[in-house]
Amino acid sequence: MLFMVLLGAIVSYSEILPMYFEPNYWTCMGAQVLYLEGFLLAYGALVLKTWRECKLFYVRSVKTIKITDQSLMKRLGVIMAIGTAYLIIWALRRVDSPREEQRLDPFGLKYETCTITEWNFVSMAFQLAILLWGAVLSIQVRRASIAFKETKLVTWAIFNEGVVLCFVILINVLLKNTKVSCYVPFTISFIRIHLTITIMLLLLFSYKVD
């Protein structure tokens, strides 16, 4: 599952690439696809790892329970399928799909950026639901942190992502109809990625190094 976390991190980092190009339907939609799919790969794998440890720690059966990585991959595939289906429906709704729009900065200069619609917030709500599930599992398995040392670090990564995501949602709501510089959307995405993905990788690999 660590490979899926790394793959998700790479996809999440790639979200910045479409922002270098002139905003249009393809670049705006591409950024959203990379953002959501990278999140689902990375944090979906982390949450499922926590779910497995929770199951193993609280097993009350005499019979040994074995939950393989292959079993987790199937469940991750279901999560990815739900996210992909949502993105396809979003992309087909050309009226509501991400596209370029003209905005004014504080100095009255015009620039183009990607739109933020209700679909963006639904996507974030889906991510929060996954993180909430992970948070509940993390609380349940907190007593297993001695047996599963990695659990505590995964818990920190999940809670960190949840806090940062809440702040991003709040910032997007506040700036939706506000005159801001053209660099603000790019800066928010850049900071969010490093506050979440980079910190997550540092936490996980600090455990591997130890």
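We're numbering straight along the sequence, starting at 1. All values below come from the heavy atoms of this structure, side chains included, with hydrogens, waters and symmetry mates left out. All values reported here derive from a predicted model rather than from experimental measurement.
Taking Ile, Leu, Val, Met, Phe, Trp and Tyr as members and joining any whose side-chain heavy atoms lie under 4.5 Å apart, directly or through other members, the hydrophobic cluster of Leu170 also contains Leu174. Think of Val136 as one node in a network of Ile, Leu, Val, Met, Phe, Trp and Tyr side chains linked at under 4.5 Å; it has no links at all.
Shown here are the ring-ring contact (aromatic ring centres under 6.0 Å, His included) partners of Phe159, two or more places apart in sequence or in another chain: there are none. For Tyr35, the ring-ring contact (aromatic ring centres under 6.0 Å, His included) criterion is met by no residue, not counting sequence neighbours. Under the rule for a salt bridge (Lys or Arg N to Asp or Glu O under 4.0 Å), Glu161 has no partner lying at least two apart in sequence or in another chain. Listed by chain and number, the residues in a side-chain contact (heavy atoms from CB on, under 4.5 Å) with Pro185 are Thr113 (sequence neighbours excluded). Partners of Tyr20 according to the ring-ring contact (aromatic ring centres under 6.0 Å, His included) rule, which considers only residues two or more places apart in sequence or in another chain, are Phe186. Listed by chain and residue number, Met200 satisfy the side-chain contact (heavy atoms from CB on, under 4.5 Å) test with Ala42 (two or more places apart in sequence, or in another chain). Here Thr50 pairs with Leu137, Ser138, Val141, Val154, Ile158 under the side-chain contact (heavy atoms from CB on, under 4.5 Å) rule; sequence neighbours left out. When the side-chain contact (heavy atoms from CB on, under 4.5 Å) test is applied to Thr198, the partners found at least two apart in sequence or on another chain are Tyr13, His194, Leu202.
In this structure, Thr155 OG1 and Ile139 CD1 are separated by 9.0 Å, a value rounded to the nearest 0.5 Å. Here the OG-CD1 distance, from Ser12 to Ile193, works out to 7.0 Å after rounding to the nearest 0.5 Å. Separating the SG atom in Cys166 from the CD1 atom in Ile171 is a distance of 11.5 Å, to the nearest 0.5 Å. If you take SG on Cys114 and CD on Gln32, they are separated by 7.5 Å, rounding to the nearest 0.5 Å.
Taking 4.5 Å as the limit, every side-chain heavy atom of Val122 sits out of range of all side-chain heavy atoms of Trp90. Annotation: side chain of Phe39 is in contact with side chain of Leu131 (closest heavy-atom distance under 4.5 Å). Considering only heavy atoms from C-beta on, Met4 comes within 4.5 Å of Leu7 through its side chain. Residues Met19 and Thr27 fail the side-chain proximity criterion, which asks for heavy atoms closer than 4.5 Å.
A chain of hydrophobic side-chain contacts below 4.5 Å, direct or via other Ile, Leu, Val, Met, Phe, Trp or Tyr residues, connects Val5 to Met73. Note: the hydrophobic cluster containing Trp51 also contains Trp156 (ILVMFWY, side chain heavy atoms under 4.5 Å, direct or indirect links). Ile82 and Phe121 fall within the same hydrophobic cluster, defined by Ile, Leu, Val, Met, Phe, Trp and Tyr side-chain heavy atoms under 4.5 Å apart, directly or through other members. Taking hydrophobic clusters as Ile, Leu, Val, Met, Phe, Trp and Tyr residues chained together by side-chain heavy-atom distances below 4.5 Å, Leu128 does not share a cluster with Leu132. Connection of Ile10 to Ile16 is not established within any shared hydrophobic cluster, with ILVMFWY side chains joined at heavy-atom distances below 4.5 Å, either directly or through further cluster members.
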Walk me through it: do Leu201 and Leu6 pass the test side-chain contact (heavy atoms from CB on, under 4.5 Å)? CA-CA 8 Å; Leu201 293 177; Leu6 291 174; 3.9 Å; yes
Should Tyr43 and Ile79 be marked as a side-chain contact (heavy atoms from CB on, under 4.5 Å) after you check the CA-CA gap, both sets of side-chain angles, and the distance that decides it? CA-CA 11 Å; Tyr43 287 94; Ile79 296 175; over 6 Å; no
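Between the Asn160 side chain and the Ile199 main chain, no donor and acceptor come within less than 3.5 Å of each other. Within the 3.5 Å criterion, the main-chain N or O of Ala91 finds a donor-acceptor partner in the side chain of Tyr25. Under the 3.5 Å distance criterion, the side-chain polar atoms of Gln127 are matched with a main-chain donor or acceptor of Ser123.
Within the structure, every pair that satisfies the salt bridge (charged side-chain N to carboxylate O under 4.0 Å, His left out) test and touches residues 4-16, not counting sequence neighbours, is listed here: Glu15-Arg192. Screening residues 80-89 for side-chain hydrogen bond (donor to acceptor under 3.5 Å, both in side chains), with sequence neighbours left out, gives Glu37-Thr84.
The shortest heavy-atom contact between Met124 and Leu165 is O-CD2, 3.8 Å. Closest of all the heavy-atom pairs between Leu36 and Gly83 is CD2-O, 4.0 Å. Here the closest heavy-atom approach between residue Gly30 and residue Pro18 is recorded as C-CG, 4.3 Å.
In Phe167, the CZ atom is not crowded: 12 or fewer heavy atoms of neighbouring residues, nucleotides or ligands sit closer than 6.0 Å.
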